[in-house]
Structure formats: structure tokens, C-alpha cells
Amino acid sequence: MEFKDNLPVADNKLKLPSEGEMMGEKMIVAVKDLTQQFGKSVILNNVNLEVSKGEIVGLLGPSGSGKTTLVKAIVGMNEPSKGKVKVFNIEMPSLKVVSNIGYMAQSDALYEDLNAYDNLLFFASLYGMRGKAARERAEEVLDLVQLKGDGKKYVRNFSGGMKRRLSLAIALIHNPQLLILDEPTVGIDPVLRKEFWNEFEGLRGKGVTIIITTHVMDEAEKCDRLALIREGRIIAMGTPAELKKSSGKDSIEGAFLHFGGVKGE
Amino acid sequence: MRTLTVAKRLIHQILGDKRAIALMFIAPIFVLFLLNIILTSSTSKPNIDLVSAPSQLVSMLDKEATVNTVNNEEEAIDNLKNKKSDAYIKFSNNTASIVVEGSDPSIRKLVLNTINKVLSDNKAILEGSAAKTTNIKQPIIQKPEISYLYGPKTMELFDSIAPLLMGFFIFFFVFLIAGVSFLRERISGTLDRILATPLKRSEIVWGYFLGFGAFVALQTIVIQTFMVYGLKVANEGSFWAVLIINLILAAGSLSLGTLLSAFARNEFQLFQFIPVIIVPQILFSGIFDLREAPQWVNILSKVFPLTYGAEALREVMIRGKGLSEVVVPTLILVGYALLFIYLNILALKKYRKV
């Protein structure tokens with residue numbers, strides 16, 4: 001299927017080509033034999049990952065294991081050295097698919113000299129949302145992350161937690177069908193973390209697919225499926241219960257050590 | 001003790017940035033080297049055309065200047081305008097009139113000194129021969145009449161370099177501001193973030209160009225207005241022609257600044273480009289006379305965008321030419337701006353492949 005050069009805007013959702021035809025299931029993300037290499041250092045080594053519609057998949061691993069690189073490959077910011085990444089059955093990198101992805105980077109990439117509201121409007125406009133619709137949506141997501149009263153405040157005066165919330169609001173601004181969150185709950189308090197997860201579960205209920213990276217074990221328990229990543233490889237994959245069962249341990253942390261130990265001898 | 005700890009950390013830190021160390025030592029040597037080349041190669045002989053000159057005088061002048069005998073005054077004026085000569089001397093009856101090109105005060109001075117030297121060295125001969133041939137006790141050359149093709153009689157050094165200075169300051173400040181702010185977008189991670197949206201790489205670069213362009217245009221107008229009306233720098237051409245050249249120069253600098261920020265990890269590294277990229281451009285842009293400089297200097301000066309800006313500004317502000325007469329350097333500047341923008345779009349591939 002050919003796409004025009006015009007980028008699809010948020011209210012003109014991407015039509016998924018051959019949806020349900022090739023995979024049978026509603027496959028949202030398919031990573032196949034992905035190797036990502038920068039210079040001589042291999043960051044991802046032969047990674048395979050499939051994510052279906054409406055599930056929350058956690059990428060669990062220590063920092064430096066390649067989680068962010070994997071996530072960036074899915075968003076289409078890196079071209080795979082080997083293998084393929086398909087999102088909505090379109091090979092990445094593709095600018096067209098990006099309009100349907102909400103991305104929350106690991107660091108808060110916000111414009112400090114703009115207020116929260118203007119930050120949102122800027123990103124809304126990058127997705128082709130304009131005028132009243134964009135303003136209303138900005139209000140909506142501000143409310144969602146409980147920043148309603150802070151819209152007119154400059155981001156430079158925000159606390160760390162507020163910045164995290166605004167980053168999430170930006171990732172949600174264009175009603176994406178796929179949400180990719182790179183360590184969304186780092187450095188935020190338990191209350192806020194709980195609120196974030198309530199939000200994620202609510203989105204899942206609406207059919208949104210979520211990929212989330214974390215190195216917090218108790219957060220991993222909340223995911224539908226988990227991919228354990230270590231040194232650029234997926235060492236195990238399954239529901240939290242399956243992982244615990246097959247490793248014979250009673251915690252995700254134990255399971256991670258088990259699978260990691262087998263791999264590293 | 002802790003002072004030493006701080007000092008030690010700093011030394012380690014700087015050692016970790018090889019480029020900074022290289023620049024600290026190489027940059028000043030490089031700049032001094034360039035200055036040395038330019039200052040030691042100043043023109044020693046002016047080019048002087050002679051119109052119907054006595055043959056004696058031709059041979060006298062020949063020792064001190066590059067003399068070229070032309071047939072008539074029109075030809076001499078043409079040579080002067082085309083910068084083939086610095087001055088011409090025309091003789092009629094017993095008087096000489098000297099016309100000096102005049103846009104560069106240092107060459108102006110050189111021409112006058114040379115002519116004075118020749119006249120005083122040969123005073124006796126000139127007077128003697130005059131007496132023999134005409135039987136009148138009158139020197140062959142009476143006090144010559146001096147006029148200038150360009151520039152007022154009292155042109156100061158500042159007037160002549162003002163167009164260059166103006167061009168340079170606009171170029172320099174725009175470079176810094178554009179470079180630093182694009183760098184901030186990289187460092188803060190927002191560049192990465194906006195590249196995770198459907199935004200095209202070219203849209204970012206052109207967006208920056210336009211957004212900054214608005215401020216840069218304003219800055220250019222302020223600098224130019226202050227120089228022309230505040231400092232009363234001589235401007236023979238139209239204010240608008242100068243403004244258009246300045247704006248195009250600023251556009252080139254804006255795109256160069258954002259491009260070079262791709263090759264800097266932080267502000268410090270961006271500032272390191274100043275001695276390497278900016279200073280040579282000033283030295284070679286025409287503030288100093290490069291006629292006798294080595295050829296590679298002249299080739300390099302033809303590579304730098306600032307040279308074309310300076311040339312166009314000089315033509316308009318000192319020689320009073322119109323925009324239509326400086327189309328070539330102006331178009332070259334536009335070409336540079338477009339080239340830098342294109343390269344910048346390519347450089348962003350580092351952040352996203354499509």
C-alpha cells in the first residue's frame with residue numbers, strides 16, 4: 001500500500017494495511033532478528049519480539065542492557081544493522097507510522113522556556129493537530145496527568161515529578177495506538193507511580209498497546225508479558241507467572257537471576 | 001588541599017577532551033601564523049598608470065611602482081575601476097593630475113608616498129631638464145592635483161573597514177546565537193524527542209532558519225542603523241541595498257552556526273570553532289590587503305563566505321554601487337546558505353535515519 005507524502009494527522013488515523021491478514025492476530029510490533037551495532041560495539045544481538053494489540057509488554061533489564069536502543073529501533077530512530085522491525089506491519093524506520101506512536105523518552109525532553117501548555121501545543125502541532133481541537137486535547141491530557149492548574153507555569157519551575165507527568169501527557173497528546181515508554185516511572189514517588197499505572201491500564205482497556213522499559217521488579221509484575229534483556233539479548237520471555245514458574249523462583253528478580261545465570265554460566 | 005583537588009579534577013577533565021587541548025595550543029599558533037602572513041606581505045609597490053607622461057618620468061617611477069603606460073584617460077579610468085591599477089597620473093602642459101582609486105586608505109597612502117618620493121628624489125633632474133628644454137625656470141611637474149575616484153578626501157580608516165566590521169559582527173553574533181541554541185536542543189534531548197514525531201529533518205532545519213531568521217533580521221537592522229546613523233559611517237550606496245546584503249550574510253552565518261553545532265558536544269566545543277572558522281574569515285575577508293600574500297591565502301579567501309559579503313558591502317558602501325552590480329557575490333552568499341542548510345539536514349541523520 002502506498003502512502004502519500006502528507007503525514008497522517010492524529011484525527012486521520014493510519015489505516016493498517018493487511019491487518020489481520022499476515023499475522024492472523026492483531027500484531028502491532030514485530031521485531032525479527034534485530035541486531036543493532038554502533039561502530040564495533042554490538043548493542044542488540046539477534047533480538048526477536050512480538051507485541052499484540054492491547055497488551056502491556058515490559059522490557060526488563062539493567063541499565064546498559066540495550067532497552068533504550070530496542071525502544072528507539074521500534075520508534076524508528078535507528079535503522080537496524082541487521083533484521084527487521086515492523087510496526088503496524090510497516091517496516092521501520094517510517095515517518096508515517098511514527099504518527100501513531102506515543103513516545104516518552106528516558107530523559108524529560110521538554111522546552112524549559114515554554115509553559116506546559118505551550119509544550120503540549122507544540123507537539124500537538126507536530127502531529128498535525130491545530131486550533132480548538134489541539135487546545136481541547138491539551139487540556140484533556142493535562143487533566144489526565146493532574147497538571148491542570150500548572151498549564152501556564154514555565155517548565156523550568158517544574159519539579160522532577162511534574163516534568164515526568166508532562167512528558168507522559170505529551171506522549172498521549174495525539175491519541176496514539178501504540179505507546180512506548182522508556183523508564184516512565186524513574187524518580188517519581190510511589191503515589192504518582194500508582195497513578196501512572198492506573199492510567200496505563202485504562203489505556204490498555206481502550207485497546208492501546210504499551211511497551212514499557214523498567215528496571216523496577218515490582219513494576220514488572222504488572223505487565224502482561226515480560227522480556228528479560230541482558231547484554232543485548234532477550235534471555236527470557238513470557239508472562240510474569242510463566243517466568244517465575246519455569247525458573248522455579250517466586251519472584252521476577254529471582255527469575256531474572258536464574259535466566260541471566262544460565263546464559264552467563 | 002581541596003583547592004588542589006579541584007585543580008586536579010579540572011586537569012583530568014580537560015585531558016579527557018582531546019579536541020579542547022589541541023585547540024588550546026594550535027588555535028593561537030594558527031591565528032598568529034595567519035596574521036604573520038598577512039602583515040608581512042603588504043604591498044610594496046602600487047600599480048600606477050601613466051597617461052602621456054614624459055619618458056624620463058616613466059623610468060623614474062618604474063623603480064618605485066609597477067608602471068603601465070596607457071593611451072588615453074578613458075583606459076586609465078577603466079583600469080582603475082576594474083582594480084587593475086591603484087592610481088593614474090595624467091600630464092597635460094606642465095601639470096600632472098593624479099587620480100587615486102581611494103577605497104582603501106592604506107593603498108591611498110602608499111600611492112601618495114611613492115609619488116612624493118619619486119618627485120623629491122628626482123627634483124634636481126626634473127628642474128634641470130625643464131630649464132633646458134623650455135628655457136623657463138619652471139619644474140616639469142608643478143604641485144600635482146590629487147583627486148579620488150571613490151571615497152571622500154578625508155576618508156578615515158574606520159570608514160573603509162566599517163563595511164567589513166559590520167559584516168563581520170553580524171556574521172559572528174548570528175553564528176554564536178544560532179549555534180548555541182541549536183546545540184541546546186541537542187543537549188536537552190528535545191531534538192531526539194521531536195525526531196520521534198513525524199517531523200521531517202528538513203522541517204526542523206528550515207524551521208530553525210525561519211524562527212531565528214526573524215530575530216537575526218531585527219538584530220541586523222539594529223546594527224546597521226547604529227553604524228550608518230549613529231556612528232555616521234560613510235555609506236555611498238543605498239541603505240536598503242546594504243540591508244539586503246547583510247541579511248543574506250546573516251542567513252549564511254545562521255545556517256553555518258546550526259551546522260557546526262552538529263559537531264560540538266557542548267558550548268565549549270562550539271566556541272572552539274571561532275579561532276578555526278571565524279577568525280581566518282575576518283583576516284582574509286579584505287581588512288588586510290592580500291595582493292602580495294601567498295596564493296593559498298587568496299584561494300582560501302575565495303572559499304570563505306564572509307569574503308563575498310565583505311566584497312558586496314564594500315562595493316555598495318564605499319564605491320556607491322547598486323545591488324545589481326554586486327549580484328555575483330550576493331548569489332554566492334545565497335548559495336552558501338543553501339549549502340549549509342542542506343548539509344545540516346544530512347547531519348541530522350545522526351539522530352534519525354529517515
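Only heavy atoms go into these numbers, but all of them, side chains included; no hydrogens, no water, no symmetry mates. This one's a predicted model, so the numbers in the text were calculated from it and none came from an experiment. Letters go in sequence order (proteins before strands), and every chain restarts at 1.
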With no hydrogens and no angle check, is any side-chain donor or acceptor of Arg193(B) less than 3.5 Å from a backbone partner on Tyr103(A)?
yes
Considering all heavy atoms, the nearest Ala109(A)-Thr190(B) contact:
C-CG2, 3.4 Å
Where does Leu110(A) contact chain B at under 4.5 Å (heavy atoms): side chain, backbone, both or neither?
backbone
Tell me if the CH2 atom of Trp296(B) is crowded by more than 12 foreign heavy atoms within 6.0 Å.
yes
Can you check whether anything in residues 241-269 of chain B gets within less than 4.5 Å of chain A, heavy-atom wise, and list it by number?
none
Measure across Met77(A) and Leu195(B) and return the closest heavy-atom pair with its distance rounded to 0.1 Å.
CG-O, 4.4 Å
By side-chain contact (heavy atoms from CB on, under 4.5 Å) - contacts of Gln106(A) (at least two apart)
Thr68(A), Asp182(A), Glu183(A)
Stepwise, does the side-chain contact (heavy atoms from CB on, under 4.5 Å) test hold for Leu199(B) with Phe123(A)?
CA-CA 10 Å; Leu199(B) 192 64; Phe123(A) 280 97; over 6 Å; no
Please check if atom CZ in Phe239(B) has more than 12 non-hydrogen atoms from other residues, nucleotides or ligands closer than 6.0 Å.
yes
What part of Asn119(A) gets closer than 4.5 Å to chain B, counting heavy atoms only: side chain, backbone, both or neither?
neither
Does Tyr154(A) OH have over 12 foreign heavy atoms under 6.0 Å away?
no
Considering non-hydrogen atoms only, spot the tightest contact between Leu95(A) and Thr197(B) and give its length.
CD2-O, 4.2 Å
For Tyr127(A) versus Ala196(B), what's the shortest heavy-atom pair and its separation?
OH-O, 3.7 Å
For Arg193(A), does the CZ atom sit with more than 12 other heavy atoms under 6.0 Å from it, leaving out its own atoms?
yes
